[in-house]
Amino acid sequence: VIKFNINNSMYKLLLICAINFSFSQNSFDKLIKKEMNKWNIPGLSICVIKNSDILLKKSYGYIDVNDSIKINNETIFPIASLTKAFTSTALVNTLLLKKKSLNTKIKFYFDNFELNETSKTQDISIKKLLSHRTGYKSYQGDFLILESDFKPKEILQRAWEIEPFYNKTDNYGYSNIGYIFSGLILEQLTEDSWSNGIDIQLLKPLKMHNTFSNYSKYLLNKNKALPHVFNNGKLNIVNNISYENINPAGGLFSNINDMTNWLLFQIGEGVFENNSIIDSKIIRLTHKKAVTINSSHDYGLGWVIEKSGVDKIISHSGSVRGFTSSIMFCKEKKLGVVVLSNSDNTPICEIISKNIMDKLLNKRYVDHSEYYYKLYEKSYLSKNKIIKNFDHSIYKYLVGNYSNEIYGKIDIKEIEGKLILSLEHHPNIKGIFSEIKNNLLVFKLDSILEEIHINIEEFNSTMQIELGFLPYVDSQKYIFKKNE
C-alpha cells in the first residue's frame with residue numbers, strides 16, 4: 001500500500017510537471033511567434049534555463065526567407081558581441097594563472113609599437129580595457145574595423161592615433177577596438193592565437209564543438225543561417241561578411257546547443273556538468289561591476305549588469321549585419337535565456353529575453369516589444385524615407401581623391417550621373433550619394449556602416465571634407481584633404 005501511494009503521488013507530481021511544462025512551452029511558442037511576425041524575423045533559436053535545467057530549447061522559422069529550409073538547434077549563427085565574454089573570461093583566467101595583474105597598463109604589452117607617450121590612453125589597464133574605460137566614446141574608431149581590410153595590429157597602430165573623447169579613462173565608452181587589443185594581449189600571454197586560447201580554455205571543456213571563429217568554415221557549413229535586413233518594407237538577404245579582423249570583439253559562430261552550455265556555465269559560476277572548468281572567483285569577477293554605464297546599468301568584464309530590482313540580471317547583446325543575439329541570466333535564481341536570430345536592425349532577441357525573464361521572475365508585466373517598436377519606428381523605419389533634394393552642380397567640386405593620415409584614401413567619382421564614394425580599405429563597399437540632410441551629404445552604403453555623412457562646409461576655403469557616421473556606427477569624425 002505504501003509503495004502504491006508513493007508511486008501514485010510521484011505519478012501525480014510528474015503529471016503536474018508535464019502539464020506545467022507544456023503550458024510554459026505553449027506560452028513561449030505564442031510569445032516568440034507573435035514577436036517574429038511583428039518584427040519580420042525569418043528565424044531564431046532559443047534556450048530557456050530554469051533551476052539550472054533546460055525548460056525550452058527550440059528553433060523557429062527559416063534559414064532563408066526565400067526557401068523552406070527550417071532552422072534547427074544545430075544551425076550556426078554569428079553571435080557577434082556575445083564573443084566579448086569569451087575573450088574577457090579567457091584573458092582574466094590567463095592573467096591569474098600566470099600571477100599577473102588586471103591593473104597592468106596595456107602599454108607594457110605593446111612596447112613594440114610607437115605609442116604616443118602624451119596620450120590619455122597611457123593610463124589604460126587591462127581591467128579598464130575589458131570594461132570599456134579607454135577614454136574613447138562609444139563606437140569611436142569603428143570605421144577602421146567594420147568590414148575593413150586592416151589586420152588587428154594595423155588597427156592598433158591606427159586607432160592609437162585617434163584622440164580619445166574623454167579626458168580620463170574612468171568614463172564608459174563601448175569599444176570594439178578595446179577588445180581587439182584584449183585579444184592581442186591574450187595572444188602574447190599564451191604565445192598562441194586568440195582562437196586557440198578560447199578553444200583550449202573554454203570551447204573544448206564546455207563541449208562547444210560547433211563554436212568557432214573561422215569564417216571559411218562558416219561559409220562551408222550547409223546548416224548556417226543566412227543574414228537578413230529589413231529595408232523599404234521588405235526583408236532581404238544580404239551578403240555574408242567576414243569579421244575575422246575583430247574576432248575578440250565579435251567573431252565567434254555558434255548554435256543554440258553550444259550556447260546552452262555557455263549559459264549553464266555562467267549560471268553555475270564556472271561549473272559545467274559538475275566539473276569546475278574555470279575558477280568561480282574568475283567568473284564572479286567578470287560579473288562584478290567595474291564601471292557605471294547609466295542610471296540603470298553597470299558593466300563588468302564583458303557583461304552588462306542591471307541595477308534595478310531585487311534580482312541581479314546579467315546580460316549582453318550582439319549585432320552584426322543580418323544577425324542579432326542576446327544572453328541574459330540571473331545566477332541567484334538559476335534562470336537564463338539565450339536567443340540567436342538571422343535579422344538585424346531589430347532588438348528582437350533582447351525583447352524575447354526580457355519578456356521571458358520577467359515571466360520566470362514573476363515580475364510586473366511590461367510590454368518591452370511596444371517600447372522598443374516606438375524607438376524603432378523613429379530611427380530605422382524613418383531612415384528609409386529618402387527625400388532627394390539636392391543640387392547636382394556640387395558634383396564637379398567634390399569629384400577627386402582625398403587622404404586622411406589615420407585611414408588612408410577615399411575617392412569620389414561621377415559615374416553615369418551618380419556620385420560614387422570608394423574607400424581604400426573597404427574595397428567591397430561603394431557609397432551612392434542619395435540626399436542632403438541637415439546640411440550633410442548622405443552616401444548610402446550596402447554595408448554595416450549604413451551611411452556616410454560628408455560635411456563640406458569648409459571645403460571651399462580648405463579643400464577638406466569631414467566624414468561622419470550614424471552615432472551607433474562610429475562617433476568619430478574624420479578629416480580628409482583633397483589631393484592635388
So, the side chain of [X] versus the backbone of [Y]: is there a donor-acceptor pair under 3.5 Å, distance only?
X      : Y      : value
Ser81  : Gly250 : no
Asn342 : Ala225 : no
Asn210 : Ser254 : no

Check your understanding: Rounded to the nearest 0.5 Å, how far does CG of Leu449 lie from NE2 of His426?
Key -> 5.0 Å

Side chains of residues 197-209: which donor-acceptor pairs under 3.5 Å do they make with residues two or more places apart or in other chains?
residue : atom : partner : partner atom : Å
Gln201  : OE1  : Asn93   : ND2          : 2.8
Gln201  : NE2  : Thr94   : OG1          : 2.8
Lys207  : NZ   : Glu273  : OE1          : 2.9

If only side-chain N and O atoms count, and only distance matters, is there a donor-acceptor pair under 3.5 Å linking [Y] with [X]?
X      : Y      : answer
Lys307 : Asn294 : no
Asp344 : His228 : no
Glu450 : Tyr472 : yes
Gln140 : Ser475 : no

Check your understanding: Are Val65 and Ile237 close enough that some pair of their side-chain heavy atoms sits under 4.5 Å apart?
Key -> yes

Check your understanding: Is there a side-chain contact between Phe28 and Ile352, using heavy atoms and a 4.5 Å cut-off?
Key ->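 Not in contact.
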
Exercise for review: Tell me, please, which residues at least two apart from Pro78 pass side-chain contact (heavy atoms from CB on, under 4.5 Å).
Suggested key: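 Partners of Pro78 under the side-chain contact (heavy atoms from CB on, under 4.5 Å) test: Tyr218, Phe253, Val320, Phe323.
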
Check your understanding: With Ser195, which residues qualify under side chain to side chain donor-acceptor pair (under 3.5 Å), at least two apart?
Key ->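 Checked Ser195 against side chain to side chain donor-acceptor pair (under 3.5 Å); matches are Ser193.
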
Point to revise | Ring geometry between Tyr174 and Tyr139 (parallel below 30°, tilted from 30 to 60°, perpendicular above 60°) | key: tilted

Check your understanding: Can you say whether the rings of Trp303 and His316 are parallel (under 30°), tilted (30 to 60°) or perpendicular (over 60°)?
Key ->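 Taking His316 first and then Trp303, their aromatic rings stand perpendicular (interplane angle over 60°).
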
Taking [X] first and then [Y], would you say they form a salt bridge - that is, a charged N and a carboxylate O separated by under 4.0 Å?
X      : Y      : value
Lys128 : Asp170 : yes
Glu332 : Lys312 : no
Lys137 : Glu163 : no
Lys334 : Asp53  : no
Arg284 : Asp279 : no
Lys288 : Asp298 : no

Check your understanding: Is the count of non-hydrogen atoms from other residues, nucleotides or ligands lying under 6.0 Å from Lys50 atom NZ greater than 12?
Key -> no

Review point. Do you know which of Asn255, Asn73, Asn72, Thr75 makes side-chain hydrogen bond (donor to acceptor under 3.5 Å, both in side chains) with Ser59?
Key: Asn73

